[in-house]
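Down below is the structure, laid out as structure tokens.
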Amino acid sequence: MQSEFETLCPLHQLLPGENIDQYHALQAAIFRDLGPQSAIEWLLAIDTAELSWEMQRYRILRHRLLNTYRHKTIEMTLRRIDVVGIAPEFQDTAEAYTIYNALDWQLNASAATDIEARLRSYGFDQHAISMEVYFRRARSSFCLNRF
């Protein structure tokens, strides 16, 4: 960046875990591609770099959020299968196993394969789970936006 335009560039607002070198690499690539010359071109290039960084950040956030909802959806679906018909005095124990199994699904690839096969046998394939994930996310967003 030409020194006369450096004042146009805002301070970097990185979140914990984000890498300043990656930010600078993205910014440099965009500046190199756009080749800004005037102040307005530099402002547009800076905004493009900032928005590109924000889009990457959003993609990571969305992925993590959907994984969290997927975990909760697996737990809820297992509860529908495993807790139904359990005697009331054993329901707390069954709930605890359901939570454990959902965590095992998340952390253990072999357990995930077994659990997903069991869910499929009850009609819950990956598409059904994904639809439930998106439904839970939408419902959660709607409930949060009401307040």
Checklist outcome for this item: The side-chain hydrogen bond (donor to acceptor under 3.5 Å, both in side chains) partners of Asp125 (sequence neighbours excluded) come to none
Item to check | Rounded distance (nearest 0.5 Å) linking atom CG of Leu44 with atom CD1 of Ile30 | outcome: 12.5 Å
Checklist entry - Is atom CE of Met76 surrounded by more than 12 heavy atoms (other residues, nucleotides or ligands) closer than 6.0 Å? => result yes
Checklist outcome for this item: Sorted by chain and number, sequence neighbours left out, side-chain contact (heavy atoms from CB on, under 4.5 Å) with Ala25 holds for none
Item to check | For Trp105, ring pair (Phe, Tyr, Trp, His ring centres under 6.0 Å) partners two or more places apart | outcome: none
Next on the checklist: Using side chain to side chain donor-acceptor pair (under 3.5 Å), reason through Asn67 and His63 one step at a time and then give a plain yes or no.
Outcome noted: CA-CA 6 Å; Asn67 275 341; His63 178 75; 3.1 Å; yes
Next on the checklist: Are the side chains of Glu116 and Ile129 in contact, using a 4.5 Å heavy-atom criterion?
Outcome noted: no
Item to check | Fellow cluster residues of Leu107, listed by chain then number, with links counted only when side-chain atoms sit under 4.5 Å apart | outcome: Leu103
Next on the checklist: Under the rule for side-chain hydrogen bond (donor to acceptor under 3.5 Å, both in side chains), what residues qualify as partners of Ser130, not counting sequence neighbours?
Outcome noted: Arg70
Checklist entry - Measuring from Ile115:CD1 to Phe124:CZ, what's the distance to the nearest 0.5 Å? => result 14.0 Å
Next on the checklist: Checking Asp104 now: which residues fulfil side-chain contact (heavy atoms from CB on, under 4.5 Å) with it, not counting sequence neighbours?
Outcome noted: Tyr100, Asn108, Ala111
Checklist entry - Cluster partners of Ile86, using ILVMFWY side-chain heavy atoms under 4.5 angstrom, listed by chain and number? => result Phe90
Next on the checklist: So, taking the atom named OG1 in Thr98 and the one named CD1 in Ile81, what distance separates them when rounded to the nearest 0.5 Å?
Outcome noted: 9.5 Å
Checklist entry - Going by the salt bridge (Lys or Arg N to Asp or Glu O under 4.0 Å) test, which pairs reach into residues 79-93, not counting sequence neighbours? => result Glu75-Arg79, Arg79-Glu95, Arg80-Glu132, Asp82-Arg118
Checklist outcome for this item: Applying side-chain hydrogen bond (donor to acceptor under 3.5 Å, both in side chains) to His24 and not counting sequence neighbours gives none
Item to check | side-chain hydrogen bond (donor to acceptor under 3.5 Å, both in side chains) involving Arg57 - partner list, sequence neighbours excluded | outcome: Glu18, Glu54
Checklist entry - Sequence neighbours excluded, which residues qualify as side-chain contact (heavy atoms from CB on, under 4.5 Å) partners of Leu66? => result Arg62, Val133, Tyr134, Arg137
Next on the checklist: Applying salt bridge (Lys or Arg N to Asp or Glu O under 4.0 Å) as the test, list every pair that has at least one member in residues 22-45; sequence neighbours left out.
Outcome noted: none
